[in-house]
Q: 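Once you've had a glance at the structure underneath, I'll fire off some questions.
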Protein chains: 2
Amino acid sequence: MSEPTPSSTVQHDDLEDSPDDELVRSGRDAALTRRALVRAARRRFATEGYRATTVREIAADAGVNVALINRYFTSKEGLFAACMIRTSDELDIRTPDRPSDLDGVIDRLVAHVVLAPDSDDPLQLLLLLRSSGDENADLIRRNTLEHFTRKLAAAAGWNADDPGTAPVLLRAQLAIATSLGVVMLRTSAAVQPVASADIDELTDALRDIFRALLTPRPTK
Amino acid sequence: MSEPTPSSTVQHDDLEDSPDDELVRSGRDAALTRRALVRAARRRFATEGYRATTVREIAADAGVNVALINRYFTSKEGLFAACMIRTSDELDIRTPDRPSDLDGVIDRLVAHVVLAPDSDDPLQLLLLLRSSGDENADLIRRNTLEHFTRKLAAAAGWNADDPGTAPVLLRAQLAIATSLGVVMLRTSAAVQPVASADIDELTDALRDIFRALLTPRPTK
DNA sequence: GCGCCAAGTAAACGAATGTTGACATAGGGC
DNA sequence: GCCCTATGTCAACATTCGTTTACTTGGCGC
């Protein structure tokens with residue numbers, strides 16, 4: 001009888017060709033290890049969900065020993081919280097300051113949606129993540145999504161003080177919902193044809209929808 | 001040392017007040033048990049995801065012994081397939097035979113999306129379910145989604161033999177993606193305003209989008 | 001009323017999960 | 001150069017997962 005492979009952790013000598021480690025791990029560097037873990041965790045949490053992701057998978061992706069997750073983040077939940085906090089920050093940065101530039105906002109949103117499946121864009125985690133079983137994480141996600149909705153709606157002419165513009169807020173959120181759905185179909189299920197659609201074609205189609213949704217229209 | 005509670009299965013004597021069992025379980029009825037399991041599984045799979053759902057939870061929800069899942073459905077995956085198959089059937093039924101009735105199709109889709117959060121509508125499972133970590137389960141979902149996409153696209157004038165209508169297929173899938181996103185925002189995260197939007201208002205907005213997406217438009 | 005088979009139960013299994021503690025080692029301060 | 005601490009490794013843990021096996025129980029045909 002042959003000996004079973006004793007462990008599922010991969011050694012750092014067979015990282016395959018994954019360029020996940022933006023820098024070559026030369027020596028011992030706690031900060032680098034933490035970043036690698038967060039990056040790997042973001043991808044896994046986004047594509048597999050919180051509970052379906054195992055810490056051993058994350059550690060393997062990051063080319064790091066499993067126990068370091070608990071060393072640096074106390075627990076799996078702590079690692080998840082670390083991913084979420086940074087996500088919230090980055091979304092604020094990407095929000096435009098000039099509400100008039102609706103086309104620019106749309107282009108940026110479309111770019112995020114189209115490119116999300118291949119990146120570890122924090123937006124992807126925000127969009128994909130479902131109920132995690134962690135109340136605080138869910139709250140952060142809801143607040144961030146609502147914040148982003150208001151920003152997008154403002155670019156489309158929504159005014160919090162003008163109840164007449166309320167429909168714009170709803171339409172902005174439908175645009176976000178569409179983004180969420182597209183990202184899910186492309187990353188989570190690889191459903192055709194959207195999963196392998198031509199980038200330009202998909203971009204055009206999305207831009208059409210978002211413009212139709214968000215372009216100021218006085219009529220009902 | 002106190003004895004640990006030996007099992008997480010609940011007896012059928014403390015079903016709480018859940019009306020999940022549409023009929024009182026008087027005697028032994030295999031068909032009833034199977035239906036109860038499928039119903040409970042649909043809700044759990046839809047709200048928690050495949051891998052995050054445990055067979056013991058499902059059995060407890062259905063007020064049934066865990067082993068019966070394996071007896072009637074061979075495995076957790078078999079139970080999932082049973083949920084999906086019925087979903088596929090219902091979607092087929094709801095698909096019109098007359099492709100010209102686009103408005104009717106749209107109305108039905110919108111109704112499903114709007115009502116999904118409060119029901120155990122099979123469509124909800126289809127829309128909410130994410131990457132399950134189980135290859136066969138993912139394949140079932142992908143095939144069902146693609147099948148439904150083609151049905152919807154056909155109602156909007158898509159013809160598999162006419163490459164010129166390919167964009168319609170993509171747009172139909174964007175409509176599905178939007179549905180998926182809306183259902184997720186409403187059920188999974190309760191994001192405002194879409195979560196508490198007026199039903200009629202939401203219905204109108206969705207109908208507008210889907211018509212704009214799917215109404216035959218000869219121009220590029 | 002009785003036996004027989006379907007329906008349901010209980011307990012255990014191996015594998016996988018998150019976590020922990022003891023140990024090994026690199027690398028900079030002195 | 002030596003040691004001391006931060007960093008990383010290894011093996012084990014308790015628990016939970018899906019599944020299986022042996023068993024009990026209920027209801028229908030005769």
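Within every chain, numbering begins at 1; the chains are lettered A, B, ... in the order of the sequence lines, protein sequences first and strands thereafter.
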Q: Please state whether the phosphate of C/dG8, meaning OP1 or OP2, lies under 4.0 angstrom from any side-chain nitrogen or oxygen of B/T33.
A: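 So the side chain of B/T33 is within the cut-off, an N or O lying under 4.0 Å from OP1 or OP2 of C/dG8.
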
Q: Do we see a donor-acceptor contact under 3.5 Å between the side chains of A/Q173 and A/T149?
A: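 There is such a pair between these side chains.
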
Q: Checking A/R71 now: which residues fulfil salt bridge (charged side-chain N to carboxylate O under 4.0 Å, His left out) with it, not counting sequence neighbours?
A: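 A/R71 satisfies salt bridge (charged side-chain N to carboxylate O under 4.0 Å, His left out) with no residue once adjacent residues are dropped.
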
Q: Once you round it to whole Å, what is the distance between P of C/dG28 and CG of A/D29?
A: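 The answer, rounded to whole Å, is 11 Å.
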
Q: Taking salt bridge (charged side-chain N to carboxylate O under 4.0 Å, His left out) as the test, write out the residues that go with B/R150, two or more places apart.
A: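 Result, salt bridge (charged side-chain N to carboxylate O under 4.0 Å, His left out) vs B/R150: none returned.
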
Q: Taking the side chain of A/T54 as its heavy atoms from C-beta onward, which of C/dG18, D/dT7, D/dC17 lies nearest to it?
A: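 Out of C/dG18, D/dT7, D/dC17, the nucleotide with an atom closest to A/T54's side chain is C/dG18.
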
Q: Go nucleotide by nucleotide along DNA chain C from the 5' end; which of A/T74 and A/E57 gets its closest nucleotide reached first?
A: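 Looking at the nearest nucleotide for each, A/E57 comes out on the 5' side.
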
Q: For B/R56 and C/dA11, give me the distance from atom CZ to atom C1', rounded to whole Å.
A: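 Taking CZ of B/R56 and C1' of C/dA11, I get 11 Å after rounding.
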
Q: Please compare B/K76 and B/R71 by the position of their nearest nucleotide in DNA chain D and report the one closer to 5'.
A: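 Counting from the 5' end, the first nearest nucleotide belongs to B/K76.
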
Q: Output the rounded distance in Å from CD1 (B/I69) to P (C/dA7).
A: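 Rounded to the whole Å, the gap is 17 Å.
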
Q: Would you please test A/R34 and A/V38 for side chain to side chain contact (heavy atoms under 4.5 Å, CB included) and show each step?
A: CA-CA 6 Å; A/R34 294 171 69 110; A/V38 168; 5.5 Å; no

Q: Using a heavy-atom cut-off of under 4.0 Å over every strand shown, decide if B/F73 touches base, sugar-phosphate, or nothing.
A: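 It contacts nothing in the nucleic acid.
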
Q: Can B/D61 and B/R43 be said to form a salt bridge (Lys or Arg N to Asp or Glu O under 4.0 Å), step by step?
A: CA-CA 10 Å; B/D61 290 350; B/R43 294 200 182 180; over 6 Å; no

Q: I need the CG-C1' distance between A/L68 and D/dC10, as an integer number of Å.
A: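 One finds 12 Å between C1' of D/dC10 and CG of A/L68, rounded.
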
Q: If you go through the side-chain atoms of A/R28, does one of them form a donor-acceptor pair with the base of C/dT25 closer than 3.5 Å?
A: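 Yes, the side chain and the base share a sub-3.5 Å donor-acceptor pair.
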
Q: Can you tell me how far P of D/dG27 sits from CG of B/L32, to the nearest Å?
A: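 After rounding, the reported distance stands at 14 Å.
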
Q: Let me know the distance between CG of A/N65 and P of C/dT19, rounded to the nearest Å.
A: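 For the pair A/N65 CG and C/dT19 P, the rounded distance is 14 Å.
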
Q: Would you mind reading off the distance between A/Y72 atom OH and C/dT19 atom P, rounded to a whole angstrom?
A: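 Distance, rounded to whole Å: 17 Å.
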
Q: Take the protein atom CZ of B/R34 and the nucleotide atom C1' of C/dA7, then report the distance between them rounded to whole Å.
A: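 Checked: the CZ to C1' distance equals 13 Å.
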
